[in-house]
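Reading through the structure tokens given below for one structure.
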Amino acid sequence: MTTPDTAPNFDKLRIVLVETSHPGNIGAAARAMKNMGLTRLVLVNPQAKAWPAREAVAMAASALDVLDGVVVAPTLEAAIAGCHLVIGTSARLRNMPVQLLDPVAAAARIEGVRATQDVALVFGREISGLSNEELHLCHYHVHIPVNPDYTSLNLAAAVMVLCYELRKAALQAGPVLAASALDWDQLPATVAELDRYLAHLEQVLIQIEFLDPNNPRQLLRRLRRLYQRIQPDRMEVNILRGILTATETALAKREQRNT
Ligand code: SAH
């Protein structure tokens, strides 16, 4: 039996709040994080520009250190670029779903990699949540199972539910689960690495006339979702990019022959 990890290290885990309107919610989220042992808070384009805002400080109570460490990012893409795993939260189910997890399963997924991989847990706007496009940047969608007649939690309450599950998972698992991520020889590709591959893939798909840039439909979103489901590692993404480069070279040679 392993000794429970009473002070789990969440240094590689960032909580990302997208375009929060009420600074009080940011303060309350910081407090929930500190209660559960998390420290890294990233704000994407918050409405309050003067930082830290007065209401945030008031609601943070003794979590001012979390507010002091806040990083402000201009876009969600920038906030998660270096992450290997991104988990979005939303009260709403979507037409084109992203793999769904409940909070316990999400916490277990994060627990398996938190020692070795940069992970983001993303929360949406108070009024409109995360857009489809933003949710599709995530590997998983976490839905907190609430009263179906009123599914939308207060932002900081949603942060608390997830942070509590993370702490419970860490206390139960001890160091064992966290170490399992080391079984794989390569780290999964980061968001930025996969983005570069997808941009390259888009170019080649246009060249071979598989993708019509004037009528792209949902092709790229579906391909992104496919790769996010597989979660290729760095080496695999490099191989895939190598195949694209070889395709481009072959196309160029064929064109030369034909002229
Ligand atoms: N009306 C918005 C709700 C926003 S609540 C919507 O339809 O999405 C603010 C944020 O809290 C959400 O973007 C999400 O990150 C989180 N949240 C609220 N309720 C949730 C639930 N039941 N499951 C998962 N996340 C939830």
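First listed ligand is number 1; within each ligand, the first listed atom is number 1.
- If you look at N154 next to ligand 1, there are no close heavy atoms at all, none under 4.0 Å.
- Cluster annotation: Y164 and L155 are assigned to the same hydrophobic cluster (Ile/Leu/Val/Met/Phe/Trp/Tyr, side-chain heavy-atom contacts under 4.5 Å, transitive).
- Side chain to side chain, H136 and R221 fail the donor-acceptor criterion of an N or O pair below 3.5 Å.
- Annotation: I144 places an N or O atom under 3.5 Å from an N or O atom of ligand 1; distance criterion only.
- Both the backbone and the side chain of A91 come within 4.0 Å of ligand 1, judged by heavy-atom distances.
- The stretch residues 230-240 participates, sequence neighbours left out, in these salt bridge (Lys or Arg N to Asp or Glu O under 4.0 Å) pairs: E193-R234.
- Looking from atom 6 (C) of ligand 1 to the surrounding protein, the closest heavy atom is R92 NE, 3.4 Å.
- Counting non-hydrogen atoms of neighbouring residues, nucleotides and ligands closer than 6.0 angstrom, the CE atom of M59 reaches no more than 12 such neighbours.
- Between A158 and ligand 1, a contact under 3.5 Å exists for no N or O pair.
- Within the 4.5 Å cutoff, the side chain of H84 has no heavy atoms near those of the V113 side chain.
- Given atom 3 (C) of ligand 1, the protein heavy atom at minimum distance is S152 OG, 3.2 Å.
- Which of G88, P103, A157, G124 comes nearest to atom 12 (C) of ligand 1 through a heavy atom is settled by distance: it is G124.
- Given atom 15 (O) of ligand 1, the protein heavy atom at minimum distance is T89 OG1, 2.6 Å.
- Between R114 and D11 there is no salt bridge, since no side-chain N of the basic residue sits under 4.0 Å from a carboxylate O of the acidic one.
- Closest to atom 22 (N) of ligand 1, if we only count protein heavy atoms, is T151 O, 2.9 Å.
- Each of the atoms 24 (C) of ligand 1 lies under 4.0 Å from some heavy atom of V142.
- Nearest to atom 19 (N) of ligand 1 among the protein's heavy atoms is L153 N, 2.9 Å.
- Two different hydrophobic clusters hold I127 and V159 under the rule that ILVMFWY side chains link at heavy-atom gaps under 4.5 Å.
- Annotation: atom 9 (C) of ligand 1 to nearest protein heavy atom, R125 O, 3.5 Å.
- Remark: distances from the non-hydrogen atoms of I127 to ligand 1 include one below 4.0 Å.
- The atoms of ligand 1 that sit less than 4.0 Å from any heavy atom of V146 are 22 (N).
- Residue V142 is grouped with residue M33 when hydrophobic side chains (ILVMFWY) are merged at heavy-atom distances under 4.5 angstrom, including chains of intermediate members.
- L17 and L121 end up in the same hydrophobic cluster when Ile, Leu, Val, Met, Phe, Trp and Tyr side chains are linked at under 4.5 Å.
- With S90, S128, A29 as candidates, the residue nearest to atom 24 (C) of ligand 1 on a non-hydrogen basis is S90.
- Taken together through direct or relayed side-chain contacts under 4.5 Å among Ile, Leu, Val, Met, Phe, Trp and Tyr, V16 and V161 form parts of separate hydrophobic clusters.
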